[in-house]
Amino acid sequence: MKIMQVEKPGELACVTASAPCLANEHSVLIRIHAAGICGSDIAIYNGTSPVATYPRVIGHEFAGEVIETGSACTHIHVGDHVTVNPVVACGTCRVCQKGRSNVCANLEVIGVHRDGGYCEVISVPEANAFAVSKEMSWEKAAIIEPYTVAAQVASRGGVQAGDTVLILGAGQIALTVLQVCKLLGARVIMTDLVEERLQKARTFGADEIINTGKEDIEARIFELTDGMGADVSIDAACVGKTLQQAAICTRSAGVVVTMGFADRTVPITELQITKNELDIRGSRLNNDKFPQVIAWVESGALDPTRIITHHFPFTDVLQGMRSVKEDPEHTMKVILTFDEK
Ligand code: MN
């Protein structure tokens, strides 16, 4: 079979490899039908991922059909259409025992720490495979994962119906967070420097938009929240300054959620945190959010296809990455397709 492997930063090769066997009796073998390209795949290719190791078959957003199951598998069957949770946790460390397996001390992410989905057949633990309706399109199933990331952000923020949520940034990840927050009944204010992105956020349901290149974010947020500040602020732009803005624009006893992975220092004062009893919480990957997101998609409450803008054969992943780089305003989710053999 063909695999798309990052040999080392900047070098991606289409390699012919033998198809894998089941890794063990608790694994399932999946023939992949669709995959998504994520910013973190591009970071692994570019060599800017702080966590990836090489060589690596990338891809952590994918779906396919189960073609074999291990003898100890209990709930996934041959023929099932499945989407895959890339989070592999040990289940035994103190973090896992506290119920926070997505930040497990021995965390392995499929497509980051172990080989991922830009290949034709993959073996994954049964526990990571989630059956979806056979009516669901492969591309929809493949991008359940980014919505589990958004659901995690909303959950870390404690977003509830009636909350005012400030989302800093209006790129693709921000739009998935927006869709989930709207689904949960929140009022959402989005910020960005690019007017086109803000207008797109409007069509995705943003209640208010602030162009921070033209308007004073702090003044506008306090005006829109009767002087209180947002209940929850989510830094989806992750450029440093946006985290500062989040801390300033959040009400007392509110929550700030970070998604960035940069090794940078952001000035936030003790006073801002202590005076308001501000909670600043990181959000990474997802903690058991697949069942919820699958239910949202199957009920029609959430439409993941709204973020899809491009399709490429999976062996053209570099071309897909290039369109993200060269035309970021018009490229959101790129879907990789696989030959139906
Ligand atoms: Mn992703």
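Values below: all heavy atoms of this structure, side chains included; hydrogens, waters and symmetry mates excluded. Note that ligands are numbered from 1 as they come in the structure, with each ligand's atoms numbered from 1 the same way.
Here the protein contributes Cys38 SG, His60 NE2, Glu61 OE2 as N, O or S atoms under 2.8 Å from the Mn ion (ligand 1).
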Distance-only donor-acceptor hits, side chain of residues 153-170, under 3.5 Å, sequence neighbours excluded:
from: Arg156; atom 1: NE; to: Gly282; atom 2: O; distance (Å): 2.8
from: Arg156; atom 1: NH2; to: Gly282; atom 2: O; distance (Å): 3.2
from: Asp163; atom 1: OD2; to: Gln160; atom 2: N; distance (Å): 2.9
from: Thr164; atom 1: OG1; to: Arg187; atom 2: NH1; distance (Å): 3.2

Got a list of side-chain donor-acceptor pairs under 3.5 Å for residues 58-66, not counting sequence neighbours?
from: His60; atom 1: ND1; to: Asp41; atom 2: OD1; distance (Å): 3.4
from: Glu61; atom 1: OE1; to: Lys333; atom 2: NZ; distance (Å): 2.9
from: Glu61; atom 1: OE2; to: Lys333; atom 2: NZ; distance (Å): 3.3

Which donor-acceptor pairs under 3.5 Å do the side chains of residues 293-300 make with protein atoms, sequence neighbours left out?
from: Glu298; atom 1: OE2; to: Ser133; atom 2: N; distance (Å): 2.7
from: Ser299; atom 1: OG; to: Ala295; atom 2: O; distance (Å): 3.2
from: Ser299; atom 1: OG; to: Trp296; atom 2: O; distance (Å): 3.0
from: Ser299; atom 1: OG; to: Ala301; atom 2: N; distance (Å): 3.2

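Here the shortest heavy-atom pairing between Met321 and Tyr45 reads SD-CD2, 3.9 Å. In terms of heavy atoms, Val57 sits closest to Cys119 at CG1-CB, 4.4 Å.
If you check the side chains of Thr258 and Asp235, you find no donor sitting under 3.5 Å from an acceptor.
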